[in-house]
Novice: 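I am attaching a structure below and will ask some questions about it afterwards.
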Amino acid sequence: MVCQLPFALYKCEAFVVTMRISFCQALLTGAIVLNLLILYYVSRAQQQMMEKRHGQGKGLRKASLTVSGLMAAGGLVGGLAVANREISTRSPRVTVLLREFEDFENYVGDVARSFLRQRPDVPFLVVADTLPYPPLTLPENVRLLVLSPSPEESPQAHRPEFHVQTEFVLLAPDGVELEHGRQLERLVRELEGEGGGPVRLVAAPVLNRAAVQCLHLQVSLKEWTATYSFASLGSSGSVCTALHGDAVVLIRAEDLFNLSVPLARPLLSALFIQTAVRGWKVKLLEGPSFSASHRPLFSSAHNQWKSDSRLKEASSQLMRSFGLKRLIWPDGRDQWYGCSKETARCFGTVHDATPEYLYMERWTPPCCLRALRETTKYVIHILESSGVRYWLEGGSLLGAARHQDIIPWDYDVDLGIYLEDVPKCEYLKNLDSGSLVDANGYVWERAIEGDFYRIQYSEANHLHVDLWPFYPRNGVMTKDTWTEHKQDVEFPEHFLRPLVPMPFAGITAYGPNNHRAFLELKFGEGVIENPEYPNPAKKRLDRSRQ
């Protein structure tokens, strides 16, 4: 027993030491695992924040250093919370973008300094089509982006979406001032409060609410037309589809750069045409207004004239690029950007009775319809005053029956006349060869395609009215020139005895006495109620989109 006792004690001590080592190892292992887990979640949080901020490198590096310092101090969970708060506070959410200014007189530098005094952390981007001259004097941390590409630079250098890394973009006009940073936060809160609804832009007036109008804008690309109307005002702001006047606009960067031409000029006109097509709305706040000590913007009448001229030129270019020929303003005033007597018509030679605009899913441009109406009214007046019997023919009669107007996709007007009455009209009787330009600029000529007459809108613009001379033979109206159109057929003269008045293109014209039977003879039964394009084999009318 004496010998066995020390041995037993030795075994017990060895067992205790072994247990102590295992417990320490377990603690050490647990600590390592815990630290690895913490590092994993820290790394994951940083990655998510980087994705959310689109690579805001400087802010994230600061946040990373803060997190590392806090980890070293041991406050891991609290450190992550503080780091998140710092990123939310210090990383800017808005880029201020100034697009509308004139290089010959502007206050771009003053605008930038005004914003940076209140919010030095906010990125400020000035965008111009070409390098401004005279050069702009800008604060050191303000970037100038020139949209015109240069052969020695990458394409990203001239694309604004690569220069905006924030969630929101504030579109600021020249001469505006930021009095306090809360104005930006107010706009952001208003836009975030709309969630994912139709309101995708928020605006604040410059100087006062009366400086900007809230409008409704309806864009019909098929009809090449944009129509503005007044919007009703609300007590806490107005929701509409366009603005007219002096305003600051906030939009999500993602929405802005998903537009076809995000920074086209004039900026607000281009912006709201594109957003209206998408069904987006803008909320105009009653206040607070942005201040602007530089109003009016230009110090001389000459500079104002230069700015107005450039605005007119930019508007014309914008309308052409968007395929808009007509703007209708709330007061009913028309602004035209299409063809006129001094220009060529909006489409070229028609092939297979299918004008090119039908392939673009559009109808006849409104300026062309206007020219056709003017020419029709003029020609009918000449025929009536000369005693020439006429009637609406073919598609023009069909338009009168359906719309009391030209068919929305038609490209000319057809009138039938009695061949024996041609000598009564001074403009027609001497057209055996050549052409005649009358005192009003209309061109009268014998058509080269056959034995009929054509009156063109002008020497430059060849929109026209065709006169088809028929003569009776055994009670049937016939003629010497026929086309491949199925409606170009003989018909009984009793349809013309008597001729009856019909509203057409804003005037009263004459047509067959039973226009339905006349049209069904030429086009087929039910033609009035079942519209179709002239050549369905080439292009069919999608009636679901009418």
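The first residue in the sequence is number 1, and the count goes up from there.
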Novice: Between L467 and L383, is any pair of side-chain heavy atoms under 4.5 Å apart?
Specialist: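 They are in contact (side-chain heavy atoms under 4.5 Å apart), so the answer is yes.
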Novice: Could E192 and R93 be called an ion pair, given the rule that one side-chain N must be under 4.0 Å from one carboxylate O?
Specialist: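 A salt bridge is present here (some side-chain N lies under 4.0 Å from a carboxylate O).
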Novice: For the residue pair I407 and W363, establish whether any side-chain heavy-atom pair is separated by less than 4.5 Å.
Specialist: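 I407 vs W363: side chains apart.
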Novice: Do L259 and L271 have side-chain heavy atoms sitting under 4.5 Å apart?
Specialist: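 Touching, per the 4.5 Å side-chain cut-off.
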Novice: Is D352 reaching over with its side chain to a backbone N or O of T354, donor-acceptor style, under 3.5 angstrom?
Specialist: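 Such a contact is absent between D352 side chain and T354 backbone.
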Novice: Could you check whether the rings of F115 and F290 sit parallel, tilted or perpendicular, using 30° and 60° as the cut-offs?
Specialist: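 Geometry flag for F290 against F115: parallel rings.
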Novice: Okay, side chain of N461, backbone of S340: is any donor-acceptor separation there less than 3.5 Å?
Specialist: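 The answer is yes, because a donor-acceptor pair under 3.5 Å joins these two groups.
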Novice: Any luck finding a side-chain donor-acceptor pair between R320 and Y337 under 3.5 Å?
Specialist: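 Note: R320 and Y337 side chains miss the donor-acceptor criterion.
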Novice: Determine, stepwise, if the pair I406 / F504 fulfils side-chain contact (heavy atoms from CB on, under 4.5 Å).
Specialist: CA-CA 7 Å; I406 300 168; F504 179 70; 3.7 Å; yes
Novice: When you look at CD of E185, are more than 12 heavy atoms from neighbouring residues, nucleotides or ligands closer to it than 6.0 Å?
Specialist: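 Enclosed.
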Novice: Please evaluate residues R117 and E179 with respect to the criterion salt bridge (Lys or Arg N to Asp or Glu O under 4.0 Å), reporting the C-alpha separation (whole Å), side-chain torsions for both, the decisive distance (0.1 Å), and the verdict.
Specialist: CA-CA 9 Å; R117 270 196 304 269; E179 292 182 317; over 6 Å; no
Novice: Please check if the number of heavy atoms outside Y133 that lie under 6.0 Å from its OH is greater than 12.
Specialist: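 No, not enclosed.
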Novice: To the nearest 0.5 Å, tell me how far Q213 CD sits from Y228 OH.
Specialist: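 Going from the CD atom of Q213 to the OH atom of Y228 covers 12.0 Å.
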Novice: Taking NZ, NE, NH1 and NH2 as the nitrogens, is one of them in R310 or D103 under 4.0 Å from a carboxylate oxygen of the other?
Specialist: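 Salt bridge present between R310 and D103.
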Novice: Atom NZ of residue position K539 - does it have more than 12 heavy atoms of other residues, nucleotides or ligands inside 6.0 Å?
Specialist: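 Counting neighbours around NZ of K539, more than 12 heavy atoms of other residues, nucleotides or ligands fall under 6.0 Å, so yes.
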Novice: Can you tell me if the gamma sulfurs of C240 and C214 fall under 2.5 Å?
Specialist: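 Judged by the SG atoms alone, which are under 2.5 Å apart, C214 and C240 are bridged.
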Novice: So does W329 have more than 12 non-hydrogen atoms from other groups sitting under 6.0 Å from CH2?
Specialist: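 Yes, the 6.0 Å shell around CH2 holds more than 12 heavy atoms from other groups.
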Novice: Do you know which two heavy atoms are closest between P139 and L116, and how far apart they sit?
Specialist: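 Here P139 and L116 meet closest at CB-CD1, 4.1 Å.
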Novice: Check the angle between the aromatic planes of Y357 and W224 and answer parallel, tilted or perpendicular using the 30° and 60° thresholds.
Specialist: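 Perpendicular.
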Novice: Is there a donor-acceptor pair closer than 3.5 Å between any side-chain N or O of H294 and the backbone N or O of A292?
Specialist: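 No, the answer is negative, given that no donor and acceptor are paired below the 3.5 Å cut-off.
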Novice: Counting heavy atoms not belonging to Y107, are there more than 12 under 6.0 Å from its OH?
Specialist: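 Counting other residues, nucleotides and ligands, OH of Y107 exceeds 12 neighbours.
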Novice: R200 versus T275: any side-chain heavy-atom pair under 4.5 Å?
Specialist: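 No; the side chains remain at least 4.5 Å from each other.
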Novice: Please assess E342 against S458 for the test side-chain hydrogen bond (donor to acceptor under 3.5 Å, both in side chains), listing each intermediate value before the final yes or no.
Specialist: CA-CA 8 Å; E342 292 72 37; S458 71; over 6 Å; no
Novice: Go through the steps to decide whether E161 and E254 satisfy the test side-chain contact (heavy atoms from CB on, under 4.5 Å), and finish with yes or no.
Specialist: CA-CA 9 Å; E161 62 267 31; E254 181 181 7; over 6 Å; no
Novice: Distance-only, no hydrogens or angles: does the E105 side chain make a donor-acceptor pair with backbone N or O of N303 under 3.5 Å?
Specialist: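 No, because the side chain of E105 does not come within donor-acceptor range (under 3.5 Å) of the backbone of N303.
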Novice: So, do I382 and C425 sit near enough that their side-chain heavy atoms are less than 4.5 Å apart?
Specialist: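 Sidechains of C425 and I382: in contact.
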Novice: Under a 4.5 Å cut-off applied to non-hydrogen side-chain atoms, are R326 and C367 in contact?
Specialist: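 No, side chains not in contact.
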Novice: Before accepting this row, confirm whether a basic side-chain N of the pair R373/D405 lies closer than 4.0 Å to the acidic partner's carboxylate O.
Specialist: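 Answer for the salt bridge query: yes.
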Novice: Atom NE2 of residue position H403 - does it have more than 12 heavy atoms of other residues, nucleotides or ligands inside 6.0 Å?
Specialist: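 Yes, NE2 of H403 has more than 12 neighbouring heavy atoms, counting only those of other groups under 6.0 Å.
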Novice: Verify, without hydrogens or angle tests, whether S435 (side chain) and V443 (backbone) share a donor-acceptor contact under 3.5 angstrom.
Specialist: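 Answer holds: no.
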Novice: State, without any angle test, whether T166 and T95 hold a side-chain donor-acceptor pair at a distance under 3.5 Å.
Specialist: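 Indeed, the side chains of T166 and T95 share at least one donor-acceptor pair under 3.5 Å.
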Novice: Please check this pair: side chain of T375 against backbone of L372, looking for a donor-acceptor N/O pair closer than 3.5 Å.
Specialist: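 Looks like no, no N/O pair under 3.5 Å.
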Novice: Between I273 and L324, is a side-chain contact (heavy atoms from CB on, under 4.5 Å) present by the stated rule, with each step listed?
Specialist: CA-CA 10 Å; I273 288 172; L324 293 174; 3.9 Å; yes
Novice: So, are R99 and D174 salt-bridged, with charged N and O less than 4.0 Å apart?
Specialist: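 Judged by the 4.0 Å cut-off on N to carboxylate O distance, R99 and D174 do not form a salt bridge.
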Novice: Between R454 and D412, does at least one N-O distance fall below 4.0 Å, as a salt bridge requires?
Specialist: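 Looking at D412 together with R454, the answer is no, because their closest N to O distance does not fall below 4.0 Å.
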Novice: Would you call the rings of F452 and W468 parallel, tilted or perpendicular if under 30° counts as parallel and over 60° as perpendicular?
Specialist: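 Ring orientation, 0 to 90° scale: parallel.
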Novice: Should the heavy atoms of other residues, nucleotides or ligands under 6.0 Å from CD of E532 be counted, would the total exceed 12?
Specialist: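 Buried by this count: over 12 neighbours within 6.0 Å.
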Novice: Tell me, do L284 and P205 make a side-chain contact under 4.5 Å, heavy atoms counted?
Specialist: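 Yes, close enough: below the 4.5 Å cut-off.
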Novice: Between the side chains of S386 and E426, is a donor N or O closer than 3.5 angstrom to an acceptor N or O?
Specialist: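 Looking only at side-chain atoms, E426 and S386 do not form any donor-acceptor pair under 3.5 Å.
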Novice: So does E152 have more than 12 non-hydrogen atoms from other groups sitting under 6.0 Å from CD?
Specialist: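 For E152, atom CD is crowded (more than 12 foreign heavy atoms under 6.0 Å).
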Novice: Test your reading of the model: is there a side-chain donor-acceptor pair from S396 to the backbone of L392, 3.5 Å cut-off?
Specialist: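 Side chain of S396 to backbone of L392, a donor-acceptor pair under 3.5 Å: no, none is there.
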Novice: Could you check whether any side-chain heavy atom of V94 comes within less than 4.5 Å of a side-chain heavy atom of L250, counting everything from C-beta outward?
Specialist: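 In short, these two side chains touch, coming nearer than 4.5 Å.
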Novice: Could you tell me the separation between the CD1 atom of I251 and the CD atom of E167, rounded to the nearest 0.5 Å?
Specialist: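 I251 atom CD1 to E167 atom CD measures 12.5 Å (nearest 0.5 Å).
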Novice: Start with the C-alpha distance between E190 and R186, add both sets of side-chain angles, then the distance that settles salt bridge (Lys or Arg N to Asp or Glu O under 4.0 Å), and finish with yes or no.
Specialist: CA-CA 6 Å; E190 289 285 348; R186 165 77 189 283; 3.1 Å; yes
Novice: For the pair E100 and R265, evaluate salt bridge (Lys or Arg N to Asp or Glu O under 4.0 Å) and give the outcome as yes or no after the intermediate values.
Specialist: CA-CA 8 Å; E100 288 285 1; R265 294 187 70 188; 2.7 Å; yes
Novice: Out of curiosity, S315 OG to D308 CG, how far, rounded to the nearest 0.5 Å?
Specialist: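 With rounding to 0.5 Å, OG (S315) is 10.5 Å from CG (D308).
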Novice: side-chain hydrogen bond (donor to acceptor under 3.5 Å, both in side chains), that's the test. Do E445 and Q456 meet it? Break it down for me.
Specialist: CA-CA 8 Å; E445 63 182 7; Q456 296 177 355; 2.9 Å; yes
Novice: When you check the gap from the basic side-chain N to the acidic O, do E102 and K306 get nearer than 4.0 Å?
Specialist: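 K306 and E102: not salt-bridged.
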Novice: Assess the residue pair E384 and Y390 against the criterion (side-chain hydrogen bond (donor to acceptor under 3.5 Å, both in side chains)); give the C-alpha distance rounded to whole Å, side-chain angles, the decisive distance to 0.1 Å, and a yes or no.
Specialist: CA-CA 8 Å; E384 290 181 347; Y390 75 91; 2.7 Å; yes
Novice: Can a donor-acceptor pair be found, under 3.5 Å and without considering hydrogens, that links the side chain of H216 to the backbone of A242?
Specialist: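 Not confirmed, H216 side chain does not pair with A242 backbone.
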Novice: Quick one: do Y378 and N440 satisfy side-chain hydrogen bond (donor to acceptor under 3.5 Å, both in side chains)? Show the steps, please.
Specialist: CA-CA 10 Å; Y378 182 76; N440 293 292; 3.0 Å; yes
Novice: Is the side chain of Q274 donor-acceptor paired with the backbone N or O of S260 at a distance under 3.5 Å, no angle test?
Specialist: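 A pair under 3.5 Å: yes.
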Novice: Tell me if a side-chain donor or acceptor on E223 pairs with a main-chain N or O of P366 at a distance below 3.5 Å.
Specialist: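 Looks like no, no N/O pair under 3.5 Å.
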Novice: Using a 6.0 Å distance limit plus a 45 degree cone around the ring axis, check whether K538 lies over the aromatic ring of Y533.
Specialist: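 No - K538 does not lie over the ring of Y533 by the 6.0 Å and 45° rule.
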Novice: Run the salt-bridge test on K222 and E361 with the 4.0 Å N-O cut-off and return the result as yes or no.
Specialist: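 Salt bridge: no.
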